[in-house]
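Reviewing the structure listed below.
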Amino acid sequence: MSRIRGRDTSPELAVRRLTHSLGYHFRLHKKGLPGTPDLVFASRSKVIFVHGCFWHRHAGCKRASSPTSRIEYWAEKFRRNVERDAEAERALRYLGWDVLVIWQCETKARNMGPLGLKIVEFLETAVNHFD
């Protein structure tokens, strides 16, 4: 598991390329924020997380399958990942940040058009501090 990267993954790079091609500028992995978001748009108070479907348990996604060995170990690991994601999102919203989660399966080439629209819509809407 030491070979699992937390940043600069293929899905994250795809989102970064797309977002930059849409004309947006962002910072990467701002450590001072809860959860260390992948893309940070400070002037807009918005962040984007790019989650792997397997590790972050994308509900209903075929990539979120579970290993058949060491079932208790993996169940606890996945539960904690999901819990940590929720804690980070709650903390960011409390601090006034708007959060978008993009899943690995959304970053495939055939999904880039809809994903681009999703990103533009997210970045161009006002922050809702009362979620």
Side-chain angles (χ1 to χ4, degrees):
M1 286 200 322
S2 65
R3 299 179 88 165
I4 304 299
R5 293 183 312 203
R7 56 181 64 188
D8 299 333
T9 61
S10 296
E12 181 185 329
L13 291 174
V15 170
R16 284 164 36 182
R17 277 192 300 273
L18 176 61
T19 305
H20 191 264
S21 74
L22 293 169
Y24 295 102
H25 299 279
F26 48 86
R27 295 283 176 217
L28 299 174
H29 311 287
K30 188 155 178 162
K31 291 183 178 160
L33 293 175
T36 314
D38 298 309
L39 284 75
V40 178
F41 305 85
S43 64
R44 299 169 185 271
S45 296
K46 297 189 181 233
V47 299
I48 295 177
F49 286 100
V50 182
H51 284 336
C53 297
F54 177 78
W55 292 107
H56 297 271
R57 312 315 291 164
H58 186 196
C61 182
K62 67 179 180 176
R63 294 177 182 266
S65 63
S66 295
T68 55
S69 64
R70 300 181 64 198
I71 295 169
E72 294 82 19
Y73 168 82
W74 287 107
E76 176 59 21
K77 182 161 193 63
F78 294 143
R79 184 197 63 75
R80 182 64 187 126
N81 284 353
V82 171
E83 184 179 290
R84 191 178 312 113
D85 292 342
E87 289 170 4
E89 192 169 329
R90 271 192 305 275
L92 284 163
R93 289 187 189 283
Y94 178 78
L95 293 171
W97 292 84
D98 204 5
V99 178
L100 174 65
V101 174
I102 296 176
W103 293 97
Q104 173 186 4
C105 61
E106 293 179 286
T107 65
K108 299 302 170 204
R110 67 180 181 275
N111 296 335
M112 283 297 137
L115 181 56
L117 292 174
K118 182 177 181 177
I119 291 169
V120 168
E121 183 178 300
F122 171 70
L123 292 175
E124 295 301 326
T125 58
V127 176
N128 184 358
H129 294 286
F130 304 104
D131 275 347

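All residue numbers refer to positions in the sequence shown, counting from 1.
- The distance from the SG atom of C61 to the CH2 atom of W103 is 8.5 Å, given to the nearest 0.5 Å.
- Checking side-chain atoms of N81 against main-chain N and O of R57 turns up no donor-acceptor pair under 3.5 Å.
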Criterion side chain to side chain contact (heavy atoms under 4.5 Å, CB included) on F49 and L92, from CA distance to verdict: CA-CA 12 Å; F49 286 100; L92 284 163; 3.6 Å; yes
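- A cation-pi arrangement is absent between R44 and F41 under the rule of less than 6.0 angstrom and at most 45 degrees off the ring axis.
- Judged purely by atom type and a 3.5 angstrom limit, E12 uses its side chain to pair as donor or acceptor with the backbone of D8.
- Cluster membership check: V15 shares its hydrophobic cluster with Y24, using side-chain heavy-atom separations under 4.5 Å among Ile, Leu, Val, Met, Phe, Trp and Tyr.
- Atom CG in L115 sits 4.5 Å away from atom CD1 in I102 (nearest 0.5 Å).
- Nearest heavy atom pair, residue N111 against residue P114, reads O-CD, 3.2 Å.
- The two atoms that bring A64 and C53 nearest to each other are CB-O, 3.6 Å, heavy atoms only.
- In this structure, the side chains of F26 and I48 stay at 4.5 Å or more apart for every pair of heavy atoms.
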R16/L28 under side chain to side chain contact (heavy atoms under 4.5 Å, CB included): CA gap, chis, key distance, verdict: CA-CA 9 Å; R16 284 164 36 182; L28 299 174; 3.6 Å; yes
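- Listed here is the closest heavy atom pair of E89 and V101: OE1-CG2, 4.1 Å.
- Hydrophobic clustering places L100 together with L39 (ILVMFWY residues linked when any side-chain heavy atoms are closer than 4.5 Å, directly or through intermediates).
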Tell me, with the steps shown, if H58 and E106 meet side-chain hydrogen bond (donor to acceptor under 3.5 Å, both in side chains). CA-CA 11 Å; H58 186 196; E106 293 179 286; 6.0 Å; no
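- A salt bridge is defined here as a Lys NZ or Arg NE, NH1 or NH2 lying under 4.0 Å from an Asp or Glu carboxylate O, and E87 with R80 meets this definition.
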Between T125 and K46, is the side chain to side chain contact (heavy atoms under 4.5 Å, CB included) condition met? List the steps. CA-CA 10 Å; T125 58; K46 297 189 181 233; 3.4 Å; yes
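- Rounding to the nearest 0.5 angstrom, the gap separating the NE2 atom in H25 from the OG1 atom in T19 is 11.5 Å.
- By the 4.5 Å heavy-atom criterion applied to side chains, H29 and D38 are counted as neighbours.
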Given the rule in the side chain to side chain contact (heavy atoms under 4.5 Å, CB included) test, do S10 and Q104 qualify, once you have shown the distances and angles that lead to the verdict? CA-CA 9 Å; S10 296; Q104 173 186 4; over 6 Å; no
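- At a threshold of 4.5 Å between side-chain heavy atoms, the hydrophobic network of Ile, Leu, Val, Met, Phe, Trp and Tyr places V50 and L22 in one connected group.
- Using a cut-off of 4.0 Å between Lys/Arg side-chain N and Asp/Glu carboxylate O, E76 and R79 are scored as salt-bridged.
- Surrounding CD of E124 are more than 12 heavy atoms belonging to other residues, nucleotides or ligands, all under 6.0 Å away.
- V47 and W97 get closest at one heavy-atom pair: CG1-CE3, 3.5 Å.
- In the hydrophobic cluster analysis, where Ile, Leu, Val, Met, Phe, Trp and Tyr join through side-chain heavy atoms closer than 4.5 angstrom, L123 is grouped apart from L117.
- Minimum interatomic distance between F78 and S66 (heavy atoms only, all atoms of both residues): CE1-OG, 4.3 Å.
- Of all heavy-atom pairs between S69 and W74, the closest is O-CD1, 3.2 Å.
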